[in-house]
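First up is the structure itself, then whatever we jot down about it.
The sequence lines fix the lettering, A, B, ..., with proteins before strands; numbering per chain opens at 1.
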Amino acid sequence: MNFITEATVKAVKHLYNTDIAAADINLQETRKEFEGQLTIITFPFTRFSKKSPEQTGTDIGAFLQNELAEVSGFNVIKGFLNISLADSYWVNQLYTEISSDKFAVSEPNGKKVMVEYSSPNTNKPLHLGHVRNNLLGFSVAEILGAAGYEVIKANLVNDRGIHICKSMLAWQKFGNGETPESSGMKGDHLVGKYYVIFDQEYKKQIEELRTAGQTEDDAKKNAPVIKEAQDMLLKWEAGDEAVIGLWKTMNKWVYTGFAETYRKMGVTFDKFYYESDTYLLGKDIIEEGLEKGVFFKKDDGSVWIDLTADGLDEKLVLRSDGTSVYITQDMGTAQLKYNDFHMDKSIYVVGNEQDYHFKVLFLILQKLGKAGADGLFHLSYGMVDLPSGKMKSREGTVVDADDLMAGMEDAAKQQALDIGKMEGFSETEKEHLYHTIGMGALKYFLLKVDPKKRILFNPQESIELQGHTGPFIQYTHARIKSVLNKAGFKGKGAEGNYTALEPAERDIIVLLTQFPEIIKNAAESYSPAIVANYVYELAKAYNKFYQDTPILKVDDENVKQFRLQLSAATAKVINKAMKLLGIEVPERM
RNA sequence: GGUCCCAUAGCUCAGCUGGAUAGAGCAACAGAUUUCUAAUCUGUCGGUCUCAGGUUCGAAUCCUGAUGGGAUCACCA
């Protein structure tokens, strides 16, 4: 809508002899209850027009109508100048801009961005919280790609540490050689089972020690199983063959399980990092920081950074025994990633309980003057909680990712069978459709909400399939496809002479023209929710149009062709927008 | 205690860098199918935008403070 703002600048210059910047013009969509599609707010102009807002609007409106062929009319209400653009303009937009192959396709901007997400621990299966993380990360990566970035999707796997030793130890003690094959369990679930068993055993031993008179803290330290697990970790670090062998075996089980979950979820990665490779990194950066005076050493040999001037605390970056802490490792990994890809931006998709950690990490890297430090961003999202409280893997109070996805498919199946429109589908088509709809519902449910907000998930009230949901949008797409197929509509139709648009038609075109801007906004704010809410508006507008406007049943061939073109363009944008959310749209449902 | 995030209809959420009478979905109620897919559409009901100040022509939006909820402040990861 540049030409409107440009002409308005001209109008202000001509009428009031004042220079204003295009950015000073407040141009917005006209509210539905008024006539017009674009609105300019005239209050700010009254300062130099020295006239009432109404008169100012009228003056500018008249100028614009006179100046621009596209402007077919205007009205002024209070200080709002509502501009109507000619139907011919909107029809032309549909046939040229929107129907072009280049529509909403950004030129590569020459910039690289890494999106790190998922980042699972290999001691337990993925749960609902991970699902939000994965869907967010994948979608943000898609959106950045659509906005012109070269995107690297990275997964930093936390494959070592005390938590993995716990699973390993419990398996050794109580597993009796159980394997995914022998038990028929998915590998990650099998390993997760032993993580829970460890915790039960641990708790039992703590209880025993306490009844024997120890304090809770002592009991926690002295329980035999925790000592054994710590022992195992030391052996792992020393490269003990038996421990490493078990570790590799059990991790492999987990990876096979994860691969299956990722496939179902529809997320992918370009690059895997493993903490077993990176956990020793970062010590050279400690040296560097000491030399630069960013860090300081205390008498006991521990290394710190003082962030009190930045409103934070003093933070330990290296233990007195010279070993790394979490943040040391993360500094090293950041360096490693940058060396690998030299990306301009690096997005960490991690829950908001680590807000403080990333604030500190980024600040340190900036103070060290690290390349790429300015492009770091923590995409922080709220936890997914259950009505019963926080999810805890150890206690088994989690909504398992695999169970959840299977449950969604079941719900989709049940719904489809209730409606009873599955005839003409083969068995494999049916299965695929249930999966598409179930996942569509789940993904949309988690992505339509602003990432910052925490989600309260109630398993009893299953995720909706009607209303503001993924399936609603999928259904709209299927509907359009059905019409297009019946008409034998292929690609771009001949441009008709249709110039008397129905309001519903105009609304759709206006929405379609906004798509490129939506992608841009979503990319800048790393928010799939913007895309999700947009595509819902579009689907709603189309359904309204569909309900009371005949497409195939009109006699006038020009009108029919136009409506088919409009439908095809809508289907395309729905498809594309849903793809940015990682959601498939079916041809029929 | 310090810091950060959140608070909008009974429930789940939109509301972009301040703009018109604060919008959707669900739930409840009433309607629409001889018509291209009714997983749809239309209507009714539902609000002191947590509270109190401030900024200004104008505040759900920006600022300050309070209240409520969550997170975090380990020589854990």
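Across all strands shown, A:Asp450 has heavy atoms under 4.0 Å from sugar-phosphate atoms exclusively, and none from any base. Across all strands, A:Thr42 comes closer than 4.0 Å to no nucleic acid atom at all (heavy-atom distances). Among the heavy atoms of the strands lying under 4.0 Å from A:Asn26 is at least one base atom, whether or not backbone atoms are also near. Within 4.0 Å of A:Thr469, counting heavy atoms only, lies no atom of the nucleic acid at all. Contact annotation for A:Pro451: no contact, since no heavy-atom pair falls under 4.0 Å across all strands. Here A:Glu33 lies out of heavy-atom contact (under 4.0 Å) with every strand. Backbone-only contact: A:Gln466 has heavy atoms under 4.0 Å from sugar-phosphate atoms and none from a base. When heavy atoms are screened at a 4.0 angstrom cut-off, A:Ile530 is found touching no nucleic acid atom at all. Counting any heavy atom pair closer than 4.0 Å across all strands shown, A:Ala416 reaches a base atom. Contacts of A:Phe472 with the nucleic acid, taken as non-hydrogen atoms under 4.0 Å apart, involve only primed sugar atoms and P, OP1 or OP2.
Rounded to a whole angstrom, the distance from the C1' atom of B:G69 to that of B:C29 is 34 Å. Taking atom C1' in both B:G25 and B:G15, one finds a spacing of 15 Å when rounded to whole Å. As rounded to the nearest Å, B:U56 and B:U72 have P atoms that lie 41 Å from one another. Atom C1' of B:G43 sits at a distance of 25 Å from the matching atom of B:C36, rounded to the whole Å. Taking atom C1' in both B:A74 and B:C62, one finds a spacing of 38 Å when rounded to whole Å. Taking the C1' atoms as reference points, B:C4 lies 30 Å from B:G23, given to the whole Å. Rounded to whole Å, the P atom of B:C51 lies 10 Å from the corresponding atom of B:U61. Spacing between B:C13 and B:C6 at atom P, rounded to whole Å, works out to 14 Å.
The aromatic ring centres of A:Tyr274 and A:Trp247 sit 6.0 Å or more apart. Residues A:Tyr326 and A:His357 place their aromatic rings such that the two centres sit under 6.0 Å apart. Ring centroids of A:Tyr348 and A:Phe377 are separated by 6.0 Å or more, keeping the two rings apart. Between A:Tyr117 and A:Tyr381, the ring center distance fails the sub-6.0 Å criterion.
Proximity of A:Arg479 to the phosphate of B:A38: a side-chain N or O atom is located under 4.0 Å from OP1 or OP2. Taking only side-chain nitrogens and oxygens, A:Arg31 comes nearer than 4.0 Å to OP1 or OP2 of B:A20. Checking the phosphate oxygens (OP1, OP2) of B:A14, a side-chain nitrogen or oxygen of A:Lys453 falls inside 4.0 Å. At least one side-chain nitrogen or oxygen of A:Lys486 sits closer than 4.0 Å to the OP1 or OP2 atom of B:U37. Taking 4.0 angstrom as the limit, A:Arg319 places a side-chain polar atom (N or O) nearer than this to OP1 or OP2 of B:C76. A sub-4.0 Å separation between OP1 or OP2 of B:U21 and a side-chain N or O of A:Lys78 is present. A sub-4.0 Å separation between OP1 or OP2 of B:A77 and a side-chain N or O of A:Tyr326 is absent.
In this entry the distance linking CD of A:Gln415 with P of B:A38 reads 15 Å, nearest Å. Straight-line distance from the OH atom of A:Tyr444 to the P atom of B:C26: 13 Å, rounded to whole Å. Rounded to a whole Å, the CG atom of A:Leu81 is 13 Å from the C1' atom of B:A20. The distance between atom CZ of A:Phe457 and atom P of B:C13, rounded to the nearest whole Å, is 12 Å. Rounding to whole angstrom units, NZ of residue A:Lys359 and P of B:C4 are separated by 6 Å. In this structure, A:Leu447 places its CG atom 21 Å from P of B:G25, rounding to the nearest Å. For the pair A:His357 NE2 and B:U72 P, the interatomic distance rounds to 14 Å; values are reported in whole Å. In this structure, the CD1 atom of A:Ile518 is 13 Å from the C1' atom of B:G15, given to the nearest Å.
Seen from the ring of A:Phe80, A:Arg31 does not count as a face-on cation partner, given the 6.0 Å and 45° thresholds. Because its NZ or CZ atom is not both nearer than 6.0 Å to the ring centre of A:Trp304 and within 45° of the ring axis, A:Lys315 does not count as a cation-pi partner of that residue.
Considering only the side chain of A:Met589, B:A39 comes nearest among B:C36, B:C6, B:A39. Which of B:G70, B:C13, B:A39 sits closest to the side chain of A:Ile437 comes down to B:A39. In the set B:A14, B:G19, B:C41, B:C41 carries the atom at the smallest distance from any side-chain atom of A:Gln547. Checking B:U37, B:A20, B:C57 against the side-chain heavy atoms of A:Phe43 singles out B:C57 as nearest. Comparing B:C41, B:G70, B:A77 by their closest approach to the side chain of A:Lys544 singles out B:C41. Proximity note for A:Arg588 (side chain, C-beta onward) versus B:C41, B:U37, B:G69: the nearest is B:U37. Each of B:A14, B:G19, B:A20 was ranked by its minimum atom distance to the side chain of A:Pro44; first place goes to B:G19.
There is no side-chain donor-acceptor pair under 3.5 Å between A:Gln354 and A:Asn352.
Using a 30° and 60° split on the angle between ring planes, A:Phe515 and A:Tyr534 fall in the parallel class, below 30°.
The pair A:Lys166-A:Asp199 does not meet the salt-bridge criterion, since no charged nitrogen lies less than 4.0 angstrom from a carboxylate oxygen.
Between A:Gly311 and A:Val325, the one whose closest nucleotide on RNA chain B sits nearer the 5' end is A:Gly311. Comparing A:Ile551 and A:Glu537 by the nucleotide of RNA chain B that holds the closest heavy atom to each, the one mapping nearer the 5' end is A:Glu537.
Base pairing in RNA chain B gives the following stems of 3 or more Watson-Crick or G-U pairs, range against range and under 3.5 Å: B:1-7 with B:67-73, B:10-13 with B:23-26, B:28-32 with B:40-44, B:50-54 with B:62-66.
The only member of A:Val384, A:Val349, A:Leu446 that meets side chain to side chain contact (heavy atoms under 4.5 Å, CB included) when paired with A:Asn133 is A:Val349.
Stacking between A:Tyr536 and the base of B:A24 is absent under the criterion of ring centres within 5.5 Å and planes under 30 degrees. A distance cut-off of 5.5 Å between ring centres, combined with a plane angle under 30°, places A:Phe80 in a stacking arrangement with the base of B:A20.
Side-chain atoms of A:Asn82 and base atoms of B:A20 include a donor and an acceptor less than 3.5 Å apart. For B:C75, its base sits under 3.5 Å from the side chain of A:Ser320 at one donor and acceptor pair at least.
A:Ile530 is listed as a side-chain neighbour of A:Ser525, based on a closest heavy-atom distance under 4.5 Å.
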Pair up each side-chain donor or acceptor in residues 545-557 of chain A with any protein partner under 3.5 Å, not counting sequence neighbours, and list the distances.
| unit_1 | atom_1 | unit_2 | atom_2 | d |
| --- | --- | --- | --- | --- |
| A:Thr549 | OG1 | A:Phe545 | O | 2.8 |
| A:Asp556 | OD1 | A:Asn558 | N | 2.9 |
| A:Glu557 | OE2 | A:Gln561 | NE2 | 2.9 |

